[in-house]
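Notes follow the structure.
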Amino acid sequence: MPLDLTFRPRRLRATAAIRDLVAETTLCAQDFIYPLFVHDLPEPVPVESMPGVSRNSLSSLINECQAAAGVGIRAVAIFPCLDKSLKDPAGSAAFDAKGLLPRAIAAVKSALPGLLVVADVALDPFTSHGHDGILTPNGRDLANDPTVEALCRLAVLEARAGADIVAPSDMMDGRIGAIRRALDAAGFENIPILAYAAKFASAYYGPFRDAVGSQHAPISKATYQMNPANVREALREVALDEDEGADIVMVKPAGPYLDVIRAVKEHATVPVAAYQVSGEYAQIHAAARLGWLDYRRTRDESLLSIKRAGADIILTYFAREFAGELSKSIEKMSQPPS
């Protein structure tokens, strides 16, 4: 006996064209910020734990940015990888106007004025202990207020170098308001702040720390990064950062925290970003290399889920690759049939 079905949802799944037509969530190159590493050596060096990712020389950084812009990416985030000899407990190298990060920012803006450069505001690439700030005298915790003062200096230096957006990633209390005031006082009132508003003390950061050479200090970053168990706390952090002047708020990591992204999207009044971090990227590569997952399908599904959860902006190491494939697909579709 035939079924009496008024509604047949499978009608809208019958072909790829129909599925695309009714898709509720889509990805485009403009959704992405492309994270890039730079070091002060003449040649790029691959990051072993992140296939396809390198610590770029200044020249290869420019090449990578040009390639990204060529496939429609509008923004990059630059993370410096300093030689150990330049690091000290106070992160003094962060304040060198002729240091690696300001030179990299200036070089990218000179070569590609229309490409947005996001500058990380944190001390962990510069400190010998690997923490995101200045330690207390007993070395058992981070000194919040002295760290905030240092971050203000770094943000202003980055703006002077040409950064279009500064992104505090430290999770110190009160740093967004302090950085906003410092930027305004220095004449950079039009520089937006992308706040790492809900940055969790995650196990997914390992490959990034390898990439920037951040040391694993004896005290836990859980004393300032958020407890992975908490969502309401994330909403409080986001609300505080908005009140202090954040122009964009971010959840980090992305994939394991889709519920947090959704909750933040429902409460925030500014754009929401999410960072698909190094461990998320590395595990997809690792599983695909073992033949356990289909690389492209898993990559694409992971990105789509982040946007579906509510992210307006996605930081991802897949950005250039995904946007390049999307560009080729659009170009192919626009060609007349042979």
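The existence of a salt bridge linking E321 and R299 is confirmed by a sub-4.0 Å separation between a basic side-chain nitrogen and an acidic carboxylate oxygen. Using a 4.0 Å cut-off between charged side-chain N and carboxylate O, K221 and D170 make no salt bridge. Look at D300 and R296 and you find no salt bridge, because none of the NZ, NE, NH1 or NH2 atoms lies under 4.0 Å from a carboxylate O.
At least one test fails for R320 against the ring of Y34: distance under 6.0 Å to the centre or angle within 45° of the axis.
With sequence neighbours left out, the side-chain hydrogen bond (donor to acceptor under 3.5 Å, both in side chains) criterion links N138 to T136. Here D31 pairs with K307 under the side-chain hydrogen bond (donor to acceptor under 3.5 Å, both in side chains) rule; sequence neighbours left out. Residues satisfying the salt bridge (Lys or Arg N to Asp or Glu O under 4.0 Å) test with D83, not counting sequence neighbours, are none.
Among the candidates S54, S60, S59, the single residue satisfying the side-chain hydrogen bond (donor to acceptor under 3.5 Å, both in side chains) test with N56 is S60.
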Donor-acceptor contacts under 3.5 Å from residues 185-195 side chains, at least two apart:
none

Considering only distance and modelled atom types, tabulate donor-acceptor pairs under 3.5 Å from the side chains of residues 228-236, sequence neighbours left out.
{"from": "N230", "atom 1": "ND2", "to": "E233", "atom 2": "OE1", "distance (Å)": "2.7"}

Show the atom names and distances, to 0.1 Å, of all donor-acceptor pairs under 3.5 Å that link a side chain in residues 196-204 to residues at least two apart or in another chain.
{"from": "K199", "atom 1": "NZ", "to": "S169", "atom 2": "O", "distance (Å)": "2.9"}
{"from": "S202", "atom 1": "OG", "to": "Y204", "atom 2": "N", "distance (Å)": "2.9"}

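Using modelled atom types, one side-chain atom of D164 and one backbone atom of V117 make a donor-acceptor pair closer than 3.5 Å.
Ring planes of F318 and H285: parallel class, angle under 30° (limits at 30 and 60°). Ring geometry for F37 versus F79: interplanar angle of 30 to 60°, hence tilted.
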